[in-house]
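Take a look at the structure set out below.
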Amino acid sequence: MLNTNAHLSEKIFADDIEQAPTRDGFGNGVVEAGKADPRVVVLCADLAESTRAEWFQKEFPERYIEIGVAEQNMATVAAGMAAVGKVPFIASYAVFSPGRNYEQIRTTIALNRAGVKVCGMHAGVSVGPDGATHQMLEDIGMMRMLPGMIVIAPCDAEEARKAVIAAAQTDGPVYLRFGRSATPVFTTRDTPFEIGKALKLFESDDPQVAILSTGSLGYAALVAARELAESGVGVIVLHMPTIKPLDTESILNVAKRAGRVVTVEEHQSAGGFGSAVAEFLAQNHPVPMRLLGIADVFGQSGESDELLTYYGLDALHIEEAARTLASV
Amino acid sequence: MLNTNAHLSEKIFADDIEQAPTRDGFGNGVVEAGKADPRVVVLCADLAESTRAEWFQKEFPERYIEIGVAEQNMATVAAGMAAVGKVPFIASYAVFSPGRNYEQIRTTIALNRAGVKVCGMHAGVSVGPDGATHQMLEDIGMMRMLPGMIVIAPCDAEEARKAVIAAAQTDGPVYLRFGRSATPVFTTRDTPFEIGKALKLFESDDPQVAILSTGSLGYAALVAARELAESGVGVIVLHMPTIKPLDTESILNVAKRAGRVVTVEEHQSAGGFGSAVAEFLAQNHPVPMRLLGIADVFGQSGESDELLTYYGLDALHIEEAARTLASV
Amino acid sequence: MMTDSEVIEIEKKVASIRETIIEMLVAAGSGHTAGPLGMADIFAAFYFHILNHNPQEPCWEGRDRLVLSNGHICPVLYATMAHAGYFPIEECLTLRKFGSRLQGHPERVRLPVLETTSGPLGEGLSQAAGMAYAFRMDEKMWDISCPTSDVGHDMSHIGRRVYCVMSDGEQEEGNTWEAVMFAGKNRLSNLTAVMDRNNIQINGMTEDVMPLEPLADKYRAFNWHVLEVNGNDIPAFITAIDEAKAIYEKPTLIIAHTIPGKGVPEIEFDYHWHGKPPTKEEGKRFLQEIRTLGGKVQHEYA
Amino acid sequence: MMTDSEVIEIEKKVASIRETIIEMLVAAGSGHTAGPLGMADIFAAFYFHILNHNPQEPCWEGRDRLVLSNGHICPVLYATMAHAGYFPIEECLTLRKFGSRLQGHPERVRLPVLETTSGPLGEGLSQAAGMAYAFRMDEKMWDISCPTSDVGHDMSHIGRRVYCVMSDGEQEEGNTWEAVMFAGKNRLSNLTAVMDRNNIQINGMTEDVMPLEPLADKYRAFNWHVLEVNGNDIPAFITAIDEAKAIYEKPTLIIAHTIPGKGVPEIEFDYHWHGKPPTKEEGKRFLQEIRTLGGKVQHEYA
Ligand SMILES: Cc1ncc(C[n+]2csc(CCOP(=O)(O)OP(=O)(O)O)c2C)c(N)n1
Ligand SMILES: Cc1ncc(C[n+]2csc(CCOP(=O)(O)OP(=O)(O)O)c2C)c(N)n1
Ligand SMILES: [Mg+2]
Ligand SMILES: [Mg+2]
């Protein structure tokens, strides 16, 4: 009951499915965007290799701007460049951008409607050993509160590539969220991607619960769905790369069909994606929900998988949460 | 059907009810806290008069620390002072603190569990003529996403005073939100205040809708409730000065009794107080809701009242929203 | 060099701009008085002499850019742009009112003839540096006739300069120093920053609140060229701007010593006038003071 | 002045600390190598000579404070503190592992013997300045025997000093300059900052990525006293610290020129080692290199 129109990877549940971090998708996407549009420039705050800004730098050294460790300056220099016709992508870790330059993004990018694309890398606990100081868990919430900001958390490196290209073609400000650790590349070139559109990945005939996911946990959601379906629990998986503008039509549709909604994100469950879904459903079609995310604690050092399990964000926990909710 | 245990002002609905901005409550409260505890210090980023930090400075010049226009430094100097035993209050406009120093608050105060009290003034559109750049609408969302952060938005100057004193007596980090414009002082010395506790202000015998409010819109909620009750719509007004930790028991109670919930706040309705309520109810007792707040736009210049009306946050709009929801 | 009559023309504008500032602040009932009055000479010099711009074609890509970083002094920006023909002078009286394009702090989306949005301090120099950097990229591209450039090859765009007006108070913001370092590194000689060194900020005199001196040494240590000038002396200021244009290898900072509240002797130098408007009565008196002085100056030169 | 044997003692510690750093990084499989190795001499000097502290009573209020601003070099902090007796040396091998108190970047809540939490750059100097400011307030209070003080009047608390270790890369953060200005204004002479001037950051050499020079001029222009020293020369560093204590009117910056990767010749000066750990094989080789050098030094002095 995988949605065939989603054109997912043929290896979708194989052990040797390709693995890549979504930041690689940024690297590839921004090089493509740079080829297509000479206005594209990349600014980076002393993290060229790990953000993959380096890939752009190698192709277009003249259009790569080194900012040093100065995220406030990065955002505002980019706002100035946008004002005179450039299409700037700014790259750092999400904890520093938008963490360290929030008000600059608010005033000189969002309110100012400067077409800067803010690229927050190393989001979530899957950063791993660097620990809590480097694991951003509030960026979706911060960015979606800003009027006019588009917010995207791609599910894999391929979708990340497409999202970057789409962002380059969009006039206004965009926030893009990427992860550090390799995750399964389960979408393909043919998988549809459009800003603001959700994508149904999985659908049982008689769904009792819908799992809505954003970011790279989409894969875990799928694995959970397969198990659920096999054990007789009907399920829908709706993948929502765009958190803002929210595809409310699709949400309403699956909420009506399944009657129960689980949201999944690598973010505080306060204020983030699940929160956006809850805000919408509470006002339009209240249903029982379960918001899976980080439950009001900071992250910590550890391996990516170990942490996702510890914080209850692996396929098993998703499955369990959905099963419990479905049985209410 | 005003809750007599709330000991509200006797002039509650009189034209000559005392008016004062909640920032005055900060000024008075922090002086009292300073008298009670010599560890209390106040840091201010070049806004002494308008934040009322000046009132403390006059009483305790040696315990007032002038930071200049440097909000990042303000937060981190305070973190350092807290580490060696001080109880620092930091005062600026909310758009700059926590807007300009978010990541400093995250790392050196929240994660570091430094007992700094972050005081964000001039929150909301009621700032008035200064316009969008100075009207913070995202601070509740930002602060409530931080683990361990207590978040309080008092309803009037008197409650603000109590909240500041309570914050001084609390070990961990606290965010306090204050407004610029004068609003009715409708609580009294006798009105109970406890961090983490909601206060029922109004209750009909047979409530069809509950209005949950935070901050100084609590008064407008009360005015709306009186109208609703007079026209036969049963209503509860639950005032929630503490947004985090959320008084979920009280919310559950009124949601069960009234079956419908309207939230009211001078903040983006995304990510803020209403969002927190929606997250909780969706997972515990889904009911139809209406989230009143700023609907994904920036503020603008104008008079405080004019703006509250324009953005749909006056008593009339609240009444209308509650009436509509009650009739669903 | 400017001729005497050119100077007189600009000084006449200055007097009118100061009058408009008072009128708009009285009408608004809130807003900033000291900074705008102190900077009227410099804004007039920019919009009536220095800038390569065209109020009739405000979006002309070849124009110089003036970025106002300390957005709270926008009354002087609005008044000067109105007098320069960007919008009707009467519109100035809508300052800070509901629905006005003249927001309490300048917003480019609402008033598109502005170059940016400001108010939160310390963010203008970075934006100006970004513009200057982008201009230099484009000029290099044109040099090598980059075939993929879709910016066009309009030679009239060559030599665009970027000016950033900022305050002394905002030197306390970290973002400012990040920008200073970036511009210094990149030797953005097409960028000139003008600092309103009026020695006041909200809580008092800068040297009491947060000492900034030695300011010139700071910028020099960040690899800038630094000039100091009387910011209320139009010819001297224009000479400094010309010197800045001649500096090849570095961005230039002009520390413009101004008198806050300039033109209204009773409030000059008083930091309490940072952020309050004149009452109606004060407004009348202030206008009188401005006109008398203005009259004197015109008399002298006439 | 230190005696030769005192210096030898510290240098022995340095060698052990470097070994522990390599061991912990190999065990962790991720982390930072260059900075920690380069700063081993300075950390040993602090914990075995300079600081007034007591590992047996880590919360003693009278201790000096050492704030590590560039948290990513925490392996040297952990290794040194372990060797000084704050926790078992074996615990170092838990670095960056799930459940460890030794987080990838230092967290005071998890390891309470630390003075703060860091990792995000540019935030340490402000915190150190806040501590120094608070200490000065308290000492003034004791002077006048403030009756309301509940801090107590323990005279052993008088004269506490605050040290901040920071990197050169974080001089690019605006927050740093806000702190520099604040400390300069307040003449925090009880604050000494030590900058790891190793000339590298992540994207390359600092002077290529974002030139910092003239660094001493910058701090002087912000009203600091500045000293420069070879940061891998323990007696010279300690002399500089002593000089800083003697400066009455200003905070002091010690620019400590260090060799990133110091002790392992094959990686010295190479910025690629900023943020990666040695493999197992490299680890063995590095330990060998460190021991040989260590052996040589011990031999010379013995
Ligand atoms: C980031 C930020 N913090 C605080 C403020 C509030 N503020 C507005 S003007 C000002 C004083 C700054 O001094 P200066 O710009 O020199 O003022 P002026 O000379 O015009 O009186 C302050 C603190 C602000 N606008 N932005
Ligand atoms: C605010 C912030 N931005 C970015 C980073 C990522 N980062 C970690 S270390 C580092 C390099 C800084 O140079 P330096 O501290 O001199 O490094 P070292 O000499 O130890 O190699 C950067 C950019 C960070 N930790 N904090
Ligand atoms: Mg000033
Ligand atoms: Mg370095």
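Here the structure is a predicted model, which is why all the values come from computation and not from measurement. The sequence lines fix the lettering, A, B, ..., with proteins before strands; numbering per chain opens at 1.
- Looking at A:V328, neither its backbone nor its side chain comes within 4.5 Å of chain B, counting heavy atoms on both sides.
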Considering distance alone, list the donor-acceptor pairs between chain A and chain B shorter than 3.5 Å.
residue, atom, partner, partner atom, Å
A:G99, O, B:E103, N, 3.3
A:R100, NE, B:E103, OE1, 2.6
A:R100, NH2, B:E103, OE1, 2.9
A:Y102, OH, B:E138, OE1, 2.5
A:E103, N, B:G99, O, 3.3
A:E103, OE1, B:R100, NE, 2.7
A:E103, OE1, B:R100, NH2, 2.9
A:R106, NE, B:E138, OE1, 2.9
A:R106, NE, B:E138, OE2, 3.2
A:R106, NH1, B:A132, O, 3.2
A:R106, NH2, B:Q135, O, 2.7
A:R106, NH2, B:E138, OE2, 2.9
A:A132, O, B:R106, NH1, 3.2
A:Q135, O, B:R106, NH2, 2.7
A:E138, OE1, B:Y102, OH, 2.5
A:E138, OE1, B:R106, NE, 2.9
A:E138, OE2, B:R106, NE, 3.2
A:E138, OE2, B:R106, NH2, 2.9
A:K244, NZ, B:D296, OD1, 2.6
A:K244, NZ, B:D296, OD2, 3.4
A:G271, N, B:E279, OE2, 2.8
A:S275, OG, B:S275, OG, 2.5
A:S275, OG, B:E279, OE2, 2.7
A:E279, OE2, B:G271, N, 2.8
A:E279, OE2, B:S275, OG, 2.7
A:A282, O, B:M289, N, 2.8
A:Q283, OE1, B:R290, NH1, 3.3
A:Q283, OE1, B:L291, N, 3.0
A:M289, N, B:A282, O, 2.8
A:R290, NH1, B:Q283, OE1, 3.4
A:L291, N, B:Q283, OE1, 2.9
A:D296, OD1, B:K244, NZ, 2.6
A:D296, OD2, B:K244, NZ, 3.4

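- With a 4.5 angstrom heavy-atom cutoff, B:A132 touches chain A via backbone and side-chain atoms both.
- If you measure heavy-atom distances from B:V95 to chain A, the contacts under 4.5 Å come from both the backbone and the side chain.
- Using a 4.5 Å cut-off between heavy atoms, B:M136 contacts chain A through both its backbone and its side chain.
- Note on residues 240-263 of chain B: no pairs pass ring pair (Phe, Tyr, Trp, His ring centres under 6.0 Å), not counting sequence neighbours.
- Heavy-atom pairs under 4.5 Å with chain A peak, among B:A270, B:G141, B:A110, at B:A270.
- Each of B:V116, B:V69, B:I90 was checked for a side chain to side chain contact (heavy atoms under 4.5 Å, CB included) with B:M74, and the lone residue meeting it is B:I90.
- Of the listed residues B:G99, B:G272, B:A278, the one with more heavy-atom pairs under 4.5 angstrom with chain A than any other is B:G99.
- The shortest side-chain heavy-atom distance between B:L292 and B:L313 falls under the 4.5 Å cut-off.
- Contact of the A:V277 side chain with the A:I251 side chain is registered, since non-hydrogen atoms from C-beta on lie closer than 4.5 Å.
- No side-chain heavy atom of A:I67 sits under 4.5 Å from any side-chain heavy atom of A:C44.
- Proximity of A:I150 to A:I195: side-chain heavy atoms (C-beta onward) are separated by under 4.5 Å at one or more points.
- Residues B:P207 and B:I236 form a side-chain contact, since some pair of their non-hydrogen atoms from C-beta on lies under 4.5 Å apart.
- Contact annotation: the side chain of A:V118 never approaches that of A:L176 to less than 4.5 Å [non-hydrogen atoms, C-beta and beyond].
- With sequence neighbours excluded, no residue satisfies ring-ring contact (aromatic ring centres under 6.0 Å, His included) with B:F273.
- Heavy atoms of A:L146 lying under 4.5 Å from chain B belong to its backbone as well as its side chain.
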